[in-house]
Amino acid sequence: MDNVTHALLGVSLMGLRSHPKAESRGLWLAVMLGSQAPDFDLLPGLFNPQAQVAFHRGDSHSWVGLAIIVGLITLSIGVLETRVSRKKVAFWSFLAVLVHLVFDALTCYGTRILLPYNGEPIALDFLFIVDIPIILILGIGSFFYLYRHKTSAMRIALIIVMLYLAGRGSLHHSLLQNVERQVGVERCSVVPLLNPLGKWLVLVDRGEKYSLGEITPITGKLVFRGDYAKNLSIPLVKKLATNPVIDSFLEIARFPYAQVSKQGKVWQVKFADLRQWPYGGFNALVLLDENLQVQNIKLSTWN
């Protein structure tokens, strides 16, 4: 999820119960740090393109990372805020980090929470990277909690979000079953798009190719927009895939695809994950000269 949503979830946790005034600042620090700390793994990507895809939602989003983050927050706040018990800091920071990981796992991007035992991302595909209804619900609840001191508003907002998530999960399950019945293939995914009330993206693995389409939730109408050959074995693509940046990118792409094109004397190979193809927000673009020598690699990983 986006960091605004994570911050609002942190506020929501603080609104679950009242805290003694002497402990309030320390617990606020614990919860807000816990709600954001897993995404500090984005910082190495500012200096190293490979780190942008190799580290994000990796170790810091695993159960090991959770333990380390909670330990660091507890030790730090224990020094800065001596009036709050370390047990409380540990509990509330643990809850904040856990909520962060769970909500990331609900998205179509997922998180590698089982590292180091299993590096496969857990992505339940209930939510898009940004979910507007959740932001609005939590935002309204946070307003009444912070500025009107209505703790009940925050609790009501959380209940509504939980019901919304249950509905999204049920809808995803229903759509997935619908697609499997229509195409007769089990290796398929139904992925939400930005509009929570609109169509869902459908990806079907047909062996030698992927089929990309859309399904309408209300009518169940399934329309395929095109087929994409599994072309990672093409010599040029295969060679580029050995590049550390591209290798890290492909490691977390569930439906990898390479688009090869030429503009003038410049070759372009665009590595993408088809589950986000309509938005073009998750790709790696390799620029090569006419002798097929790599000139530049550009990453776009806004999730």
Side-chain angles (χ1 to χ4, degrees), residues 1-16 28 30-42 55-70 73 91-115 118-142 145 154-173 189-197 200-201 252 254 273 275-276 279 281-282 301-303:
M1 300 299 292
D2 62 285
N3 292 100
V4 172
T5 300
H6 287 310
L8 290 172
L9 286 167
V11 175
S12 302
L13 290 177
M14 285 299 292
L16 288 176
W28 267 107
V31 168
M32 297 314 294
L33 280 174
S35 70
Q36 300 296 325
D39 282 343
F40 288 172
D41 60 6
L42 285 169
F55 294 152
H56 186 39
R57 296 196 180 180
D59 292 331
S60 69
H61 286 68
S62 68
W63 65 274
V64 176
L66 183 152
I68 293 173
I69 290 171
V70 170
I73 291 175
F91 173 77
W92 286 100
S93 60
F94 168 81
L95 205 56
V97 177
L98 181 63
V99 168
H100 183 121
L101 303 190
V102 168
F103 269 76
D104 277 354
L106 293 173
T107 68
C108 54
Y109 185 82
T111 182
R112 290 173 279 183
I113 197 170
L114 298 179
L115 283 172
N118 189 335
E120 289 294 320
I122 294 177
L124 299 181
D125 293 339
F126 292 2
L127 305 173
F128 190 62
I129 305 301
V130 179
D131 193 276
I132 302 302
I134 291 180
I135 292 177
L136 290 176
I137 295 167
L138 294 180
I140 293 171
S142 296
Y145 168 56
M154 198 74 263
R155 294 168 189 161
I156 292 172
L158 276 175
I159 292 173
I160 295 174
V161 167
M162 293 302 107
L163 293 173
Y164 172 74
L165 291 178
R168 294 288 290 184
S170 177
L171 176 59
H172 174 264
H173 179 71
S189 291
V190 178
V191 181
L193 299 176
L194 182 60
N195 181 1
L197 301 178
W200 289 52
L201 191 70
I252 55 176
R254 279 161 54 193
D273 190 330
R275 62 197 162 108
Q276 293 184 26
Y279 294 94
F282 184 44
T301 56
W302 47 261
N303 44 24

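Along the sequence shown, residues carry numbers from 1. The figures here come from the full heavy-atom set of this structure, side chains too, leaving out hydrogens, waters and symmetry mates.
Listed for the W63 side chain is a donor-acceptor partner under 3.5 Å among the backbone atoms of L115. Judged by distance alone, with hydrogens and angles left aside, the side-chain atoms of H61 form no donor-acceptor pair with the main-chain N or O of L101 at under 3.5 Å. Remark: the backbone N or O of P121 is not paired with any side-chain donor or acceptor of R112 at under 3.5 angstrom. Using a distance-only test at 3.5 Å, with no hydrogens or angles considered, a donor-acceptor pair links the side chain of D104 to the main chain of M1. No side-chain donor-acceptor contact under 3.5 Å links S170 to the backbone of G167. In terms of modelled atom types and a separation under 3.5 Å, the side chain of R254 and the main chain of C108 share a donor-acceptor contact.
The nearest pair of heavy atoms linking S142 to V11 is OG-CG1, 3.5 Å. Shown here for P192 and F128, the closest heavy-atom pair between the two residues is O-CD1, 3.4 Å. Nearest heavy atom pair, residue N3 against residue D39, reads ND2-OD2, 2.8 Å. In plain terms, the two heavy atoms of S60 and P38 that are nearest each other are OG-O, 2.7 Å. Nearest heavy atoms, I69 versus A37: CG2-CB, 3.7 Å. In terms of heavy-atom proximity, A96 sits nearest to S35 at CB-N, 3.7 Å.
Here the straight-line distance linking atom OG1 of T5 with atom NE2 of H100 works out to 10.5 Å at 0.5 Å rounding. The structure places OG1 of T111 at 14.0 Å from CZ of F103, a figure rounded to the nearest 0.5 Å. In this structure, D125 CG and L201 CG are separated by 10.0 Å, a value rounded to the nearest 0.5 Å. Note: L9 CG to M32 CE = 9.5 Å, rounded to the nearest 0.5 Å. The distance from the CG atom of L138 to the CD1 atom of I160 is 9.5 Å, given to the nearest 0.5 Å. One distance of note links OH of Y145 with CG of L8; it measures 13.0 Å at 0.5 Å rounding.
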For this session: Test L158 against L16 for side-chain contact (heavy atoms from CB on, under 4.5 Å), laying out the working first.
Result: CA-CA 9 Å; L158 276 175; L16 288 176; 3.4 Å; yes
For this session: Test R275 against Y109 for side-chain contact (heavy atoms from CB on, under 4.5 Å), laying out the working first.
Result: CA-CA 9 Å; R275 62 197 162 108; Y109 185 82; 4.0 Å; yes
For this session: Take W92 and I73, measure what side-chain contact (heavy atoms from CB on, under 4.5 Å) needs, and give me the verdict at the end.
Result: CA-CA 10 Å; W92 286 100; I73 291 175; over 6 Å; no
For this session: Please assess I134 against L165 for the test side-chain contact (heavy atoms from CB on, under 4.5 Å), listing each intermediate value before the final yes or no.
Result: CA-CA 9 Å; I134 291 180; L165 291 178; 4.0 Å; yes
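Relative ring orientation between F126 and H172 is described as tilted, the plane-to-plane angle lying within the 30° to 60° band.
A side-chain contact (heavy atoms from CB on, under 4.5 Å) with D2 holds for exactly one of D131, I135, T107; it is I135.
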